[in-house]
K.L.:
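Would you mind keeping the following structure in view while I ask a few things?
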Amino acid sequence: SFKCWTKKADEEVVTTSSLWCEWDAFHIRALALVREVDEIWEILFLATHPQRRQSGFMKDLLEEMFRSLPPGGQMWLDVHEHNHRALRLYTSLDFVKVGERAQYYSGRD
């Protein structure tokens, strides 16, 4: 079974989130949907154009986001434990593991 957000939850995300993009004149190369709550930025969604993966665009985007954080701010995200490529990227950017959500990715391995 799939878990879906309610319409109210979708509306809340849209009204409390920002879209960050790494792009050239013609294409979005990477993007992030980020919800800002106080001084914590929660990354809800990350995507890199399939033909632009492994090109450093997501790293550039995340570094720009880090530079824009307010003093003392934090950036959070969830990542599947088997997404080794993403884990290497986040580790290179000094993300640290703070916990695990039980059964968060159940059925999505």
K.L.:
Working note: L46 + M58, criterion side-chain contact (heavy atoms from CB on, under 4.5 Å); need CA distance, chi angles, decisive distance, verdict.
P.N.:
CA-CA 8 Å; L46 294 172; M58 183 57 71; 3.8 Å; yes

K.L.:
Closer than 3.5 angstrom, by distance alone: can the side chain of D38 be matched with the main-chain N or O of I40 as a donor-acceptor pair?
P.N.:
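Answer holds: no.
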
K.L.:
Tell me the side-chain hydrogen bond (donor to acceptor under 3.5 Å, both in side chains) pairs involving residues 50-69, sequence neighbours left out?
P.N.:
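Residue pairs with at least one partner in residues 50-69: E64-R67.
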
K.L.:
What distance do I43 atom CD1 and D78 atom CG have between them, rounded to the nearest 0.5 Å?
P.N.:
10.0 Å

K.L.:
Enter the distance from M75:CE to M65:CE here, rounded to the nearest 0.5 Å.
P.N.:
4.0 Å

K.L.:
Is atom CD1 of I28 surrounded by more than 12 heavy atoms (other residues, nucleotides or ligands) closer than 6.0 Å?
P.N.:
no

K.L.:
Give the minimum heavy-atom separation between V79 and A86, together with the two atoms involved.
P.N.:
CG2-CB, 3.9 Å

K.L.:
First locate atom CD of Q74, then atom CZ of F66, and finally report the distance between them rounded to the nearest 0.5 Å.
P.N.:
10.5 Å

K.L.:
Using side-chain contact (heavy atoms from CB on, under 4.5 Å) as the criterion, point out the one residue from V34, L33, L77 that pairs with F45.
P.N.:
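So the option named by the test is L33.
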
K.L.:
Name all residues meeting the salt bridge (charged side-chain N to carboxylate O under 4.0 Å, His left out) criterion together with E39; count only those two or more places apart in sequence or in a different chain, and write none if there are none.
P.N.:
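Listed in chain order: nothing, the list is empty.
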
K.L.:
Looking only at atom types and distance, does a side-chain atom of H80 sit under 3.5 Å from a main-chain N or O of H82, one as donor and one as acceptor?
P.N.:
yes

K.L.:
Taking side chain as C-beta onward, heavy atoms only, is R29 less than 4.5 Å from T48?
P.N.:
no

K.L.:
Test of understanding: clusters of I, L, V, M, F, W, Y form through side-chain heavy atoms closer than 4.5 Å, transitively. Do F95 and F57 belong to the same one?
P.N.:
no

K.L.:
Any chance you could measure W41, atom CH2, to L69, atom CG, to the nearest 0.5 Å?
P.N.:
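Output value for this atom pair is 4.5 Å.
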
K.L.:
Could you give the distance from CG (L62) to CG (L89), rounded to the nearest 0.5 Å?
P.N.:
6.0 Å

